Asker: 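There's a structure below that I have some questions on.
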Amino acid sequence: MKEIELKDIEQFSKIYNSNVNNKNLENQIKQYGLDKVCINKEIIDENPPSFNIELEETKRYDQKDSLRCWAFSGINVIKRNMAKNLNIDIMNFELSDNFIIFFHRLEKANTTYEKILTSKTTDLSKIFKKNILKNPVEEVGNWKTFVGIVKKYGLVPMTVMPITIEGENSSRVTNLFSETVRSYAITLLELKKQNKNIEELRKIKLKMLADNYEFLSKVYGEPVKTFNYNYIDKDRNNVTLKNTTPNQFVEQFLSIDIENFVFISNVPKKNRKYGEKLKNLSSININKMKYVEFLHISAQELKELSIKQLKDNIPVMVGIYIRKFADKISGVLDTRLYDYESLVKYKNLNKEDGMLLGDIELHHWMTITGVQIEEGSPKRWKVEDSYGDKEKVNGYYIMNDNYFDKYVFTVIIDKKYLSKKQLELYNQKGIIEDN
């Protein structure tokens with residue numbers, strides 16, 4: 001390997017100092033920070049918070065230091081529908097994320113135990129290589145996770161099961177609960193080595209899950225079996241739902257068929273063609289251990305489908321990357337927002353190479369609730385986040401259409417909005433992915 005030599009450093013320094021602007025920029029960046037120096041205010045002006053298709057405003061959720069963006073985004077997709085059916089002012093209606101996360105974590109524990117019980121090996125080192133115990137009960141999820149919980153356990157209003165202190169910061173519970181689940185998993189492995197049959201092991205597993213239920217109940221609160229819900233409706237009537245179960249609450253007031261919503265993605269890779277139906281092996285879900293399936297199509301088609309759904313007053317859950325070219329003060333997402341390229345010699349990657357090299361990835365779920373269309377094409381999008389209303393524009397981003405092209409990976413769309421051809425492609429047999 002050819003090393004950097006001191007004479008090379010001397011040459012670099014000469015080149016750097018030959019441009020008087022470099023020292024000026026160096027001093028500004030040291031004093032004010034990179035983004036403040038590189039931000040292009042004209043781009044902010046090009047992205048005003050105005051939209052000609054815009055859903056009704058709602059109260060912003062705040063996930064704080066949790067990893068519940070997918071749960072809040074899922075709630076944001078359905079809460080307007082439920083509020084309408086309840087005849088309640090949407091600003092006075094919230095659904096409990098705590099209820100969802102309780103069962104999400106309990107189900108994840110069960111999934112981890114089942115992977116151990118059905119594994120062909122009892123060698124812990126091989127189990128470790130399969131990543132079964134790497135992140136056994138972390139909070140991350142997606143739309144399929146959300147649907148699995150809602151269909152099985154139902155939902156409750158926020159007032160019935162409010163957020164707890166530990167629910168606002170997931171790391172402590174995650175660390176303690178993960179270690180507990182790993183410990184029980186090792187116990188199951190040891191029992192497998194003793195040739196105990198699967199029926200015996202699953203009885204032991206139930207006792208472990210009972211302990212897990214106790215753990216989660218004490219940090220999040222035990223989920224209710226039935227509840228009373230009192231509210232003032234839009235007609236100023238005092239309404240009380242009595243002895244309602246979480247499942248009855250969903251059955252009575254959620255009229256959107258959430259099982260009809262699917263993953264539509266733009267995830268370019270080498271040799272991948274538009275129209276392919278894929279499965280993501282790294283995204284196994286709690287709902288009967290199913291993988292996420294998605295249809296890979298162009299970003300333009302993702303936009304067209306999103307607009308169709310928005311026009312029907314249904315938000316669009318969106319999987320996105322927002323760690324670059326994002327300004328939390330103005331709320332603008334735009335690939336031109338910071339002039340890194342000319343000011344600090346930054347070189348960007350295209351979407352395909354960025355994904356391949358791990359430079360960009362789907363790490364956050366938000367909800368599209370509006371769009372500005374000009375001359376038949378989307379100009380910018382209103383994207384509701386789940387970090388309160390103090391930053392951005394009352395808690396939502398203004399996403400320029402160029403950002404959609406580069407950093408949006410997935411939209412969750414009701415199949416009824418797919419074209420005949422898109423539906424045929426989605427219904428094809430899935431192709432197994434390696435990642």
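Numbering of residues begins at 1 and proceeds along the displayed sequence. It should be emphasised that the depicted structure is a prediction, and the values quoted were computed from it without experimental measurement. Side chains are part of it too, since the values below use all heavy atoms of this structure and drop only hydrogens, waters and symmetry mates.
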Asker: Begin with the C-alpha distance, continue with both residues' side-chain angles, and end with the deciding distance and a verdict on side chain to side chain donor-acceptor pair (under 3.5 Å) for Ser170 and Ser66.
Answerer: CA-CA 5 Å; Ser170 65; Ser66 72; 5.9 Å; no

Asker: Answer yes or no for Arg68 and Tyr387: cation-pi contact, defined as NZ/CZ to six-membered ring centre under 6.0 Å and angle to ring axis within 45°.
Answerer: no

Asker: Taking it one step at a time, do Arg202 and Tyr113 satisfy side chain to side chain donor-acceptor pair (under 3.5 Å)?
Answerer: CA-CA 9 Å; Arg202 285 196 167 126; Tyr113 300 147; over 6 Å; no

Asker: Which atom pairs, donor and acceptor, lie under 3.5 Å between side-chain atoms of residues 342-349 and protein residues at least two apart or in another chain?
Answerer:
residue: Ser342; atom: OG; partner: Asp339; partner atom: OD1; Å: 2.9
residue: Ser342; atom: OG; partner: Asp339; partner atom: OD2; Å: 2.6

Asker: Can Glu293 and Lys144 be counted as an ion pair, charged N to O under 4.0 angstrom?
Answerer: no

Asker: Which heavy-atom pair separates Ile360 from Lys406 by the least distance, and what is that distance?
Answerer: CD1-O, 4.0 Å

Asker: Just checking, Lys392 and Tyr397: is the charged tip under 6.0 Å from the six-membered ring centre and within 45° of the axis?
Answerer: yes

Asker: Would you call Tyr403 and Val408 a side-chain contact if the rule is heavy atoms closer than 4.5 Å?
Answerer: no

Asker: Flag yes if more than 12 heavy atoms outside Lys59 fall under 6.0 Å of its NZ atom; otherwise flag no.
Answerer: no

Asker: Is Arg80 paired with Glu384 through a side-chain N to carboxylate O contact shorter than 4.0 Å?
Answerer: yes

Asker: Scan Ile320, Leu333, Ile368, Thr335 and name whichever one has a side chain to side chain contact (heavy atoms under 4.5 Å, CB included) with Phe404.
Answerer: Ile368

Asker: Considering only heavy atoms from C-beta outward, does the side chain of Tyr338 approach that of Asp35 to under 4.5 Å?
Answerer: yes

Asker: Sort out for me which residue in Phe102, Tyr220, Phe177 forms a ring-ring contact (aromatic ring centres under 6.0 Å, His included) with Phe215.
Answerer: Phe177

Asker: Checking Arg105 side chain against Val137 main chain: does a donor-acceptor pair fall under 3.5 Å?
Answerer: yes

Asker: Answer yes or no: is there a side-chain heavy-atom contact under 4.5 Å between Pro49 and Lys382?
Answerer: no

Asker: Find out whether Phe294 and Val267 are in side-chain contact, i.e. whether some heavy atom of one side chain is under 4.5 Å from a heavy atom of the other.
Answerer: yes

Asker: Please walk me through it: do Asp327 and Ser330 pass side chain to side chain donor-acceptor pair (under 3.5 Å)?
Answerer: CA-CA 6 Å; Asp327 176 34; Ser330 67; 2.6 Å; yes

Asker: Aromatic contact between Phe146 and Trp70, with the criterion being ring centroids under 6.0 Å apart: yes or no?
Answerer: no

Asker: Considering non-hydrogen atoms only, spot the tightest contact between Lys234 and Ile88 and give its length.
Answerer: CE-O, 3.6 Å

Asker: Looking just at side-chain N and O atoms, do Gln300 and Glu304 make a donor-acceptor pair shorter than 3.5 Å?
Answerer: yes

Asker: Ring centroid separation for Phe261 and Trp143, is it under 6.0 angstrom?
Answerer: yes

Asker: Can you tell if the side chain of Leu362 reaches within under 4.5 Å of the side chain of Thr410, non-hydrogen atoms only?
Answerer: yes

Asker: Less than 4.5 Å apart, any side-chain heavy atom of Phe99 and any of Tyr153?
Answerer: yes

Asker: Could you label the plane-to-plane angle of the Tyr229 and Phe93 rings as parallel, tilted or perpendicular, counting under 30° as parallel and over 60° as perpendicular?
Answerer: tilted

Asker: Go through the structure and list residues passing side chain to side chain contact (heavy atoms under 4.5 Å, CB included) with Tyr274, not counting sequence neighbours.
Answerer: Asn266, His296, Ser298

Asker: At their closest point, which heavy atom of Val318 faces which heavy atom of Thr367, and how far apart are they?
Answerer: CG1-N, 4.1 Å

Asker: If the threshold is 4.0 Å, N to carboxylate O, is there a salt bridge linking Lys151 and Glu259?
Answerer: yes

Asker: Hey, does Pro157 have a side-chain heavy atom less than 4.5 Å from the side chain of Phe227?
Answerer: yes

Asker: Does one side chain, of Tyr417 or Asp312, offer a donor that lies under 3.5 Å from an acceptor on the other?
Answerer: yes

Asker: Heavy-atom count around Lys84 NZ within 6.0 Å, excluding the residue itself: above 12?
Answerer: no

Asker: With a distance cut-off below 6.0 Å to the six-membered ring centre and an angular limit of 45° from the axis, does Lys277 pair with Tyr426 as a cation-pi contact?
Answerer: yes

Asker: Is Lys270 salt-bridged to Asp353, going by a charged N under 4.0 Å from an acidic O?
Answerer: yes

Asker: To the nearest 0.5 Å, what is the distance between OG1 on Thr164 and NZ on Lys218?
Answerer: 14.5 Å

Asker: Would you call Arg336 and Glu42 a side-chain contact if the rule is heavy atoms closer than 4.5 Å?
Answerer: no

Asker: Determine, using ring centers only, whether Tyr340 and Phe325 are less than 6.0 Å apart.
Answerer: yes

Asker: Ignoring hydrogens and angles, write down the donor-acceptor pairs under 3.5 Å from the side chains of residues 179-186, residues two or more places apart or on other chains.
Answerer:
residue: Thr180; atom: OG1; partner: Leu176; partner atom: O; Å: 2.9
residue: Arg182; atom: NE; partner: Leu133; partner atom: O; Å: 2.7
residue: Arg182; atom: NH2; partner: Leu133; partner atom: O; Å: 3.3
residue: Arg182; atom: NH2; partner: Lys134; partner atom: O; Å: 2.7
residue: Tyr184; atom: OH; partner: Asp211; partner atom: OD2; Å: 2.7

Asker: Could you go through Ser255 and Asn81, starting from their C-alpha distance and side-chain angles, then the distance that decides it, and tell me whether this counts as side chain to side chain donor-acceptor pair (under 3.5 Å)?
Answerer: CA-CA 7 Å; Ser255 55; Asn81 174 264; 2.8 Å; yes

